[in-house]
Q: 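Sending over a structure as structure tokens; questions will come in a sec.
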Number of protein chains: 2
Amino acid sequence: MPPARMTPALLAIVADRFKAFAEPARLQVLYALRSGELSVSELVEATGLGQANLSKHLQVLHAAGVVSRRKDGLFSYYALADGDVLKLCDLVCGRLDRETKQRQKALAR
Amino acid sequence: MPPARMTPALLAIVADRFKAFAEPARLQVLYALRSGELSVSELVEATGLGQANLSKHLQVLHAAGVVSRRKDGLFSYYALADGDVLKLCDLVCGRLDRETKQRQKALAR
DNA sequence: CCGATACATTCCGATACACGCATCCACTGC
DNA sequence: GCAGTGGATGCGTGTATCGGAATGTATCGG
């Protein structure tokens, strides 16, 4: 059950949350983190993104509470904050799968 | 289980999908449609958005497959395309609730 | 202390997007 | 056909944001 009343402030917060996912680069990062925490340089290699750019995206994801940061000496290790993160992605991907299948069916007739 | 391989094209599609939710105005529309389908003018009144602006947001939501359109004479009726839509919002809202509660707990100590 | 490494931050140009205004299009009723 | 209503679309403007280059900051080894 969602909040009965949606204040503008709440709407903005929810929107920001979604905005964190609304970027191919950031989704790429999230999928790279599926298998476990990675350092920034490992993420650079895994995603092909530039280091500065990636770092900024990580700040966004962290500010949105999507990923967690753990510092160890020179390295920063990032990880998915929560199982719900992938649940969200999979919900969207699942819908996509169903839709493309439906479209293929429609084309096949 | 999500697709094993995330191609750039797929990432872009998923990102666009999330982008549809990543705007306070559009979230407002979705919440207004919780109770059932509405015409554009009804949505104008329900949300306080300008007609032109609202119309554009509706195009975005429709293109993303989030809402359905039904034309009846002069009127266009929009409705949530699918129960998953609200599931998505509630997933995010639920996380928010838990986090704010945790934060309050932390402040209360 | 000095250089090197791993990230973060700032500055910049280019693009994208939201919103309002005006206009255009589709349909209805006279 | 004509006027009126409900929606959609095009244009202009301000703002946000992505991405890269350069710079700054913190930590480790020597």
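Lettering of chains follows the sequences in order, A, B, ..., and the numbering in each one begins at 1.
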Q: Between B:R70 and B:Y77, do the side chains contain a donor N or O and an acceptor N or O under 3.5 Å apart?
A: no

Q: State which of C:dT9, C:dC19, D:dC18 makes the closest approach to the side chain of A:H57.
A: D:dC18

Q: With a non-hydrogen cut-off below 4.0 angstrom, is A:Y77 in contact with a base, only sugar-phosphate, or nothing?
A: nothing

Q: Expressed as a whole number of angstroms, how long is the span from B:L58:CG to C:dC19:C1'?
A: 15 Å

Q: Check the distance between D:dA16's P and A:D16's CG and give it to me in whole angstrom.
A: 12 Å

Q: Expressed in angstrom and rounded to an integer, what is the separation of A:H62 atom NE2 from C:dT9 atom C1'?
A: 16 Å

Q: Can you name the closest pair of heavy atoms from B:Y78 and B:L33 and give their distance?
A: O-CD2, 3.4 Å

Q: Just to be sure I understand the geometry, which residues of residues 35-43 of chain A put a non-hydrogen atom under 4.0 Å away from DNA chain D?
A: none

Q: Should D:dG30 form a Watson-Crick or G-U wobble pair with both distances under 3.5 Å, which nucleotide is its partner?
A: C:dC1

Q: Watson-Crick or G-U wobble partner for D:dG12, using a 3.5 Å limit on both distances?
A: C:dC19

Q: Less than 3.5 Å between a donor and an acceptor, one on the side chain of B:K56 and one on the base of D:dG7, is that the case here?
A: no

Q: Using heavy atoms and a sub-4.0 Å distance, could you list which residues of residues 66-75 of chain B are near DNA chain D? By number, please.
A: B:R69, B:L74, B:F75

Q: Using a 3.5 Å distance criterion without hydrogens, assess whether the side chain of B:R26 forms a donor-acceptor pair with backbone atoms of B:K19.
A: yes

Q: Looking at DNA chain D, which of residues 44-55 of chain B put a heavy atom within less than 4.0 Å of it?
A: B:Q51, B:A52, B:S55

